[in-house]
Amino acid sequence: MTTTKRKAIVPKGMEFVRDDIGYAPAVLVGNTLYISGQIGRNAERQLVKDRRQQFIQCFDNMKAVLEEAGMTFSHVVEVTSYHTDMRDLPLYMEIRDLYFGDCLPAWTAIGAASLCGIPGYFLEVKAIAVKT
């Protein structure tokens, strides 16, 4: 039986996710990258409080994961976003488009009562990317 090789993707500054919280920011299996939910926490592990800047931080974190795996946003084929306020969808789409441009992935948006078990998180975004 052949097993598929898996590689944890841990960008610089996200080691605490693996070491302290116990999961990989992403896992690469073959040419497919499974990106864990990215939140608006900066490299100092601090929540970015401004809503717009928090959304930008989510995508900056995803960019770091993609780059560590040798990919870009053009490789992302599916995104799932979790929102504590669905009225934020226009802001989400505005920020998303800054990163994806015309290369839009499939997308599902889900409303959530809370994220990370801590007040103040507005968005979490997970994704799947494929390098062909």
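This chain uses plain numbering: 1 for the first residue, then up along the sequence.
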Cluster check [X], [Y]: I/L/V/M/F/W/Y, side chain < 4.5 angstrom:
| X | Y | value |
| --- | --- | --- |
| Val65 | Tyr99 | yes |
| Phe100 | Leu66 | yes |
| Ile95 | Leu89 | yes |
| Leu123 | Ile56 | yes |
| Phe73 | Trp107 | yes |

Show the nearest heavy-atom pair for residues [X] and [Y], with the distance to one decimal.
| X | Y | value |
| --- | --- | --- |
| Ala64 | Met14 | CB-CE, 4.3 Å |
| Pro25 | Gln38 | O-NE2, 3.7 Å |
| Glu124 | Gly37 | OE2-CA, 3.3 Å |

>> Once you measure the plane-to-plane angle for Phe59 and Tyr92, does it fall in the parallel (<30°), tilted (30-60°) or perpendicular (>60°) bin?
In response: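 Rings of Phe59 and Tyr92: tilted, 30 to 60°.
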
> Is there side-chain contact between Gln57 and Asn42, with at least one heavy-atom pair below 4.5 Å?
Replying inline: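 A side-chain contact exists here, since the closest heavy-atom pair is under 4.5 Å.
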
> Which pairs, with at least one residue in residues 7-44 and sequence neighbours excluded, count as a ring-ring contact (aromatic ring centres under 6.0 Å, His included)?
Replying inline: none

> Can you list the other members of the hydrophobic cluster that holds Ile118, where links are side-chain heavy atoms under 4.5 angstrom apart?
Replying inline: Ile39, Leu47, Tyr82, Ile110, Leu115, Tyr121

What's the separation between atom [atom1] in [X] and atom [atom2] in [Y], rounded to the nearest 0.5 Å?
| X | Y | atom1 | atom2 | result |
| --- | --- | --- | --- | --- |
| Cys58 | Arg96 | SG | CZ | 14.0 Å |
| Lys126 | Glu78 | NZ | CD | 7.5 Å |
| Lys63 | Ile35 | NZ | CD1 | 13.5 Å |

> Can you name the side-chain contact (heavy atoms from CB on, under 4.5 Å) partners of Val27, sequence neighbours left out?
Replying inline: Arg6, Ala24, Val29

>> Please check: side-chain N/O of Gln54 versus main-chain N/O of Val48, any donor-acceptor pairing under 3.5 Å?
In response: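 Pair found, side chain donor or acceptor close to backbone of Val48.
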
> Would you say Asn31's side chain and Val130's backbone share a donor-acceptor pair under 3.5 angstrom?
Replying inline: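 The answer is no, because no donor-acceptor pair under 3.5 Å joins these two groups.
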
>> Holding to ring pair (Phe, Tyr, Trp, His ring centres under 6.0 Å), I want the full list of residues that pass it with His75, two or more places apart in sequence or in another chain.
In response: none

> Is there any salt bridge (Lys or Arg N to Asp or Glu O under 4.0 Å) pair reaching into residues 33-62, and which pairs are they, with sequence neighbours excluded?
Replying inline: Asp20-Arg45, Arg51-Asp88, Arg52-Glu94

> How would you list, by chain and number, every residue that makes a side chain to side chain donor-acceptor pair (under 3.5 Å) with Ser74, sequence neighbours excluded?
Replying inline: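 Applying side chain to side chain donor-acceptor pair (under 3.5 Å) to Ser74 gives Thr72.
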
